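Shown next, in structure tokens, is the structure this report addresses.
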Amino acid sequence: MMRSALACAFALIPLAAPAQEPTPNALYLDGDLAIDVRPDGDAVISWRTLEPTPPGTVSYGGCPADADIAQPRYRWNSTNLDADSGPSTAHSVSIELTDLEDEHTDIGRYAANGGGTVEIQLEAWSPRFNQAQLFPARFAYRRDAGGTYRRVPAITIGPVVDCVTERSAIISWETDLPARGQVILAPLDGAGEVITETTQGVVRGAEIEIGGLPPGTRCNYTVQLIDPADDTALPGRELSFTTAPRAGSNTPFAFAFMSDSRAGVGDPMVRVERVNYTTVRRLMAESLRQGADLMLFAGDLVSGYTASRRDFVNQLNAWREAAMPVSGLMPIYEGMGNHEALGPSREDNPNRIGRSHTGSDAPEAVFSEAFVNPSNGPAAEADGAPMYGETAYSFDWGNAHFVSVNSNYWWDSQPGREGGGNREGFVMGGQLAWLDQNLRDARSRGQRHLFVYTHEPTFPTGGHLGDGMYWRGRNEEVNRMRDEFVRICSSNGVLAVLHGDEHNYSRTLITSDMPTSMEGASEETTASTAVRPMWQIISGGAGAPFYSQDFDAPWLEHVRSFSPQYHFVLFEVEGDHVRLRAISDTGQVLDEADLTAELGE
Ligand SMILES: [Fe+2]
């Protein structure tokens, strides 16, 4: 949808960008995997690499049919080690689908269903990075009554549930081959009718909005693809989600918050296409177990900073795959971080980019294509600036209101140059005005608890004093912007601003007497502009390389809790109360607080 452009009211002062960790173009495969299912039950998986590589190995298996959170379990390996030539750019291996149907290992009901979705994972060596690379993927097959095998369409990403409201939800998915699909949805407790929605025409990607649902109700649903060969509905996994409670109601609910799942360091599973699969999957599953009804994810999903759109899309798709066990069971509201950057390589260093693209190649545009989020955000800030798209938006849930602010909009390492945009962490005037009005509107609707989440921390506590919304207090434009952001949030009674970027956990109480000035700073004010106390929760522990606490922060005395562990934060909202628990990837409770009681509310 086109929106009108607003003039940019800021004259941005150039300041050297902090050194970014180089994340060169991560492309390894030359195109997609090719999969050929032979009538006898062999499947040949072929791929091409951009540089000659040793042979690879394909692991294969399925998801246990009884798993409520379905993750792939691999059981067999196949490799082409007997290839007689050395490193090559063309590779293939053969796997046996009959393995899946064996009575001793058939965990996915392949024999009874006459086929199903096969989970595969390519493991291959990258001479460029001198590391093994993993590429998870999937395809589906059917075996007819005569025992003949053939390939059928499979859901490769999804089903995903998003934009859940009191009465509606959006179900989306992507397939490897064109196919019609249908959603069959049944609200539980006899609260509603069974709803069936079918895609219009044959598609490879579908987004279906289901309306007419009862508020605060568990809904079961299944997505079935239609086999184009005989119009048969293929089996789909049964999933469920809960619709939002009525706006303003005191129905208890819980939400999870986390950020920063870009590639970690170590085994290949922590850096699958620049995503820490291991950690983000574990934290997402645990947040569901702990009762979260929805999740906020505030940026740095992937390592990004790439000059290749295909690489950027691959990375975002890897995150979508990592989230798949949970993203069909609760809505995840994603926001952009500084690492979600896509633009031309710098002339002085082709492994880095200097600014983000605009238009349809803008990271905001690609991000909005990859994820389904509300599209009720602000207008583009200027002619030629990117659209905010689905990176800045808001929604109600029960008696709470959530706003996603994009603090990495129109990123440029040298802000102020011709046609350029913003330094990391800078929130432009149009978005700030939108945020202020949005929060006022939520208050006037009677929403009790207001949360603003954005990647860049207002007051960094470990790793990012030199950027975020602080930049060591040395940039007056940034100082004024941050002061305004704090004033807007606190004057509208925001309970907590939620951030990522720093790969750790911290809880800080922002008050009007909290010192904000450090040596060398050029701030007009030396204390925060909070007109009433407000929490800052930083949760950037979903898998990116860790940071320790920074004891130079002027607000050190206001930092109530800190941990460098991988973690997520669970917020439990019950009437007038909001309680928080930060939970590590091993289940350790890192912090517990009654946020409302501690503010005397
Ligand atoms: Fe970041």
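Here the structure is a predicted model, which is why all the values come from computation and not from measurement. Order of appearance sets the numbers: ligands from 1, and atoms from 1 within every ligand.
- Counting non-hydrogen atoms of neighbouring residues, nucleotides and ligands closer than 6.0 angstrom, the CD atom of Gln131 exceeds 12 such neighbours.
- Not a single N, O or S atom of Glu456, from either the backbone or the side chain, sits less than 2.8 Å from the Fe ion (ligand 1).
- At a threshold of 4.5 Å between non-hydrogen side-chain atoms, the residues His339 and Leu301 do not count as touching.
- Between OD1 of Asp501 and NE2 of His455, the angle at the Fe ion (ligand 1) works out to 100°, rounded to 10 degrees.
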Self-check item: Derivation and outcome, side-chain contact (heavy atoms from CB on, under 4.5 Å), residues Phe257 and Met295
Solution: CA-CA 6 Å; Phe257 173 62; Met295 184 191 301; over 6 Å; no
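- Counting heavy atoms of neighbouring residues, nucleotides and ligands inside a 6.0 Å radius, atom CZ of Phe546 does not exceed 12 of them.
- The Fe ion (ligand 1) has no N, O or S atom of Asn408 under 2.8 Å away, backbone or side chain.
- For the pair OD1 of Asn338 and OD2 of Asp300, the angle whose vertex sits at the Fe ion (ligand 1) is 100° to 10 degrees.
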